[in-house]
Amino acid sequence: MCGIFGYLGSNQQAGSLILDGLKTLEYRGYDSWGVAIKKNDGSLYIEKHIGKIGSASLPSFPAHVGIGHTRWATHGGVRNENAHPHTDCTKKIAIVHNGIVENFETIKSDLNKKGHTFKSETDSEVIAHLIEEIYKTEPNKVKVMQKLRSHITGLNAVITFFPEDESFYIIKNGSPIVIGEGDNEFYIASDASAIIPHTKKVYFLEDNEMVELSKKGVSLFDTKGVHQNITYTTLTYAAESTEKGSFDHFMLKEISEQPKILRNIGETQKTEIKKAADEISSSYGTYLIGCGTASYACLAGTYLFSKIAHRHVNFAIGSEFSYLLDFLKENSLVFALSQSGETIDIISSVKKAKEKKAQLLSLTNSQGSSLYRMSDHNLLLHAGPEKAVASTKAYTAKISFLYLIAHQLAGTFEKGKINLLKAVDEISQIIQNKSSIQSLAAKMKDYKSIFILGRGVSYAAALESALKIKEVSYIHAEGFAAGELKHGVIALIEKGTPVILFNPEDETYEDTLSAAHEVSARGAHVIGVSSKNDKVYDTFIEVKNCGNATIIPNVVIAQLLGYFLALAKGLDPDKPRNLAKSVTVK
Ligand code: F6R
């Protein structure tokens with residue numbers, strides 16, 4: 001969603017530095033952008049555009065302080081006027097904002113009565129005018145921000161830039177904000193990946209904290225405006241890992257990174273996995289929660305825990321969990337899965353779970369993220385920054401953790417590791433032979449719908465595979481439990497309908513094969529993904545049996561299929577329409 005990048009320091013090319021920072025955040029998804037930069041002659045330069053930054057550049061002028069924003073429209077259409085930064089009537093205050101000011105209409109009508117004029121339709125612009133109004137009678141900017149905070153409702157992060165004294169005031173409740181300190185220079189961003197090329201010394205703001213950032217340095221205040229000591233975190237990942245390298249797209253790069261990441265999990269994470277298994281063992285019920293791809297990893301987790309560890313775990317979609325947590329107790333364990341660690345639907349549910357004193361274990365890819373900081377126990381995915389909007393490596397890393405935790409609970413970690421490493425070899429093969437999937441995609445690109453069937457844990461894999469295909473190729477794709485065919489789904493099958501069938505040689509094999517016959521009899525084009533070929537398949541993709549870990553290579557096939565379908569249709573797989581990488585607004 002919206003991205004923020006601000007700079008204060010001695011670099012006299014603040015404009016291009018801010019633009020580059022915004023480009024680093026492009027992967028989050030946005031539809032317009034803007035900057036507010038104080039020129040060295042004292043004037044405030046504002047530029048806003050709809051569309052992508054692309055190869056845009058700013059006029060070259062010396063400047064060492066400013067702020068930029070990429071906007072993902074919520075209140076008000078995609079128009080230049082609605083892009084951030086927004087200014088007050090005097091143009092002495094510029095703000096950028098992530099989140100939603102829920103009571104903006106009331107505030108706007110009050111400010112209208114007081115003579116303020118608005119240039120945009122956004123909820124965000126009211127913040128600039130409200131600050132202007134408060135500042136008329138309250139010269140202390142920390143107090144201004146406290147008052148601002150008490151006026152606006154909703155989950156918000158606001159950066160206020162006062163060009164007159166080159167200061168920034170940051171308040172946050174909900175949307176993530178991180179500041180970075182370099183050598184006599186400071187950075188502000190909505191995501192640490194934008195700061196990492198400059199400094200690894202960062203501070204993630206907690207909800208209700210405030211930061212004042214000026215030439216004098218950084219000051220941190222608590223909710224009451226009391227000065228606090230700031231303790232920086234040192235980021236551990238490298239800046240290069242955020243680049244595309246020799247790959248055409250982040251999505252392909254991230255798919256290709258999976259063998260290394262998964263092998264590393266199997267070989268180095270035993271201690272962390274044991275700790276997580278102990279948490280689950282000692283809990284009074286475990287609840288797996290996640291959104292989108294992460295929710296399908298959670299669903300797969302329920303099958304894996306049941307099959308391997310004979311343990312029941314509950315599952316809920318992150319955005320639904322707050323309506324399902326009546327049974328939580330003090331020693332219930334909420335096990336939250338989130339690549340970004342910033343997904344608002346997870347954060348809000350987890351807050352409610354914490355009110356009920358449940359324990360929180362999280363599996364995220366983002367050290368220092370909101371979820372990471374809220375958790376009683378943390379597991380890190382160690383998948384490296386994921387920049388393509390469609391999640392690939394974070395999904396398979398999540399499954400690998402769940403799979404090994406289940407084996408750890410069953411006392412069979414080493415067996416699990418062997419199967420995981422077999423799955424890694426299969427993935428490497430699939431990636432090496434990806435041209436066959438590219439050819440399949442070329443044949444499938446004009447299909448209206450694709451169905452994916454599986455039973456047991458392969459059903460969870462079918463759901464994830466369908467999501468991957470639909471979000472990047474815009475082809476309608478649905479995953480179904482193969483056993484549900486006769487309960488309605490089969491009505492959709494007609495001559496030529498492509499049906500991908502995940503059919504590993506496990507307890508589901510025969511029944512899934514029957515489903516293949518049923519759809520084949522109705523004219524479907526059956527694509528069998530299995531270790532064993534059968535004449536019912538019109539197309540066969542071989543994936544060797546890796547036990548319950550077979551779903552990992554199976555989903556990789558769908559990731560590649562989605563990727564190549566997007567390319568065949570002339571789409572950018574890294575930035576699917578309407579989607580944002582990190583969903584920080586409800
Ligand atoms: C799909 C996708 C999304 C995310 C979902 C949760 O490819 O990426 O469905 O999985 O928005 O995101 P995280 O894992 O960051 O909580």
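Values below: every heavy atom of this structure, side chains too, minus hydrogens, waters and symmetry copies. One-based numbering, in listed order, for ligands and for the atoms of each. Every value quoted in this text rests on a predicted model; they were computed, and no experiment measured them.
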| request: Write out all pairs satisfying ring-ring contact (aromatic ring centres under 6.0 Å, His included) with one or both partners inside residues 461-482, taking only residues at least two apart or from two chains. | output: Phe451-Phe480
| task | Verify the neighbour count for atom CZ of Phe247: are there more than 12 heavy atoms of other residues, nucleotides or ligands below 6.0 Å? | result | yes
| field | Pairing residues for Ser465 by the side-chain hydrogen bond (donor to acceptor under 3.5 Å, both in side chains) criterion, not counting sequence neighbours | value | none
| task | State which residues pass side-chain hydrogen bond (donor to acceptor under 3.5 Å, both in side chains) with Ser32; sequence neighbours excluded, sorted by chain then number. | result | none
| Between Thr392 and Gln559, is any side-chain donor less than 3.5 angstrom from a side-chain acceptor? | no
| request: With salt bridge (charged side-chain N to carboxylate O under 4.0 Å, His left out) as the test, would you mind laying out the steps for Lys470 and Glu478 before giving the verdict? | output: CA-CA 8 Å; Lys470 73 180 114 179; Glu478 287 303 328; 3.7 Å; yes
| message | Can you list every protein residue that has a heavy atom under 4.0 Å from any atom of ligand 1, sorted by chain and residue number? | response | Cys291, Gly292, Thr293, Ala294, Ser338, Gln339, Ser340, Thr343, Val389, Ala390, Ser391, Lys398, Leu467, Lys468, Glu471
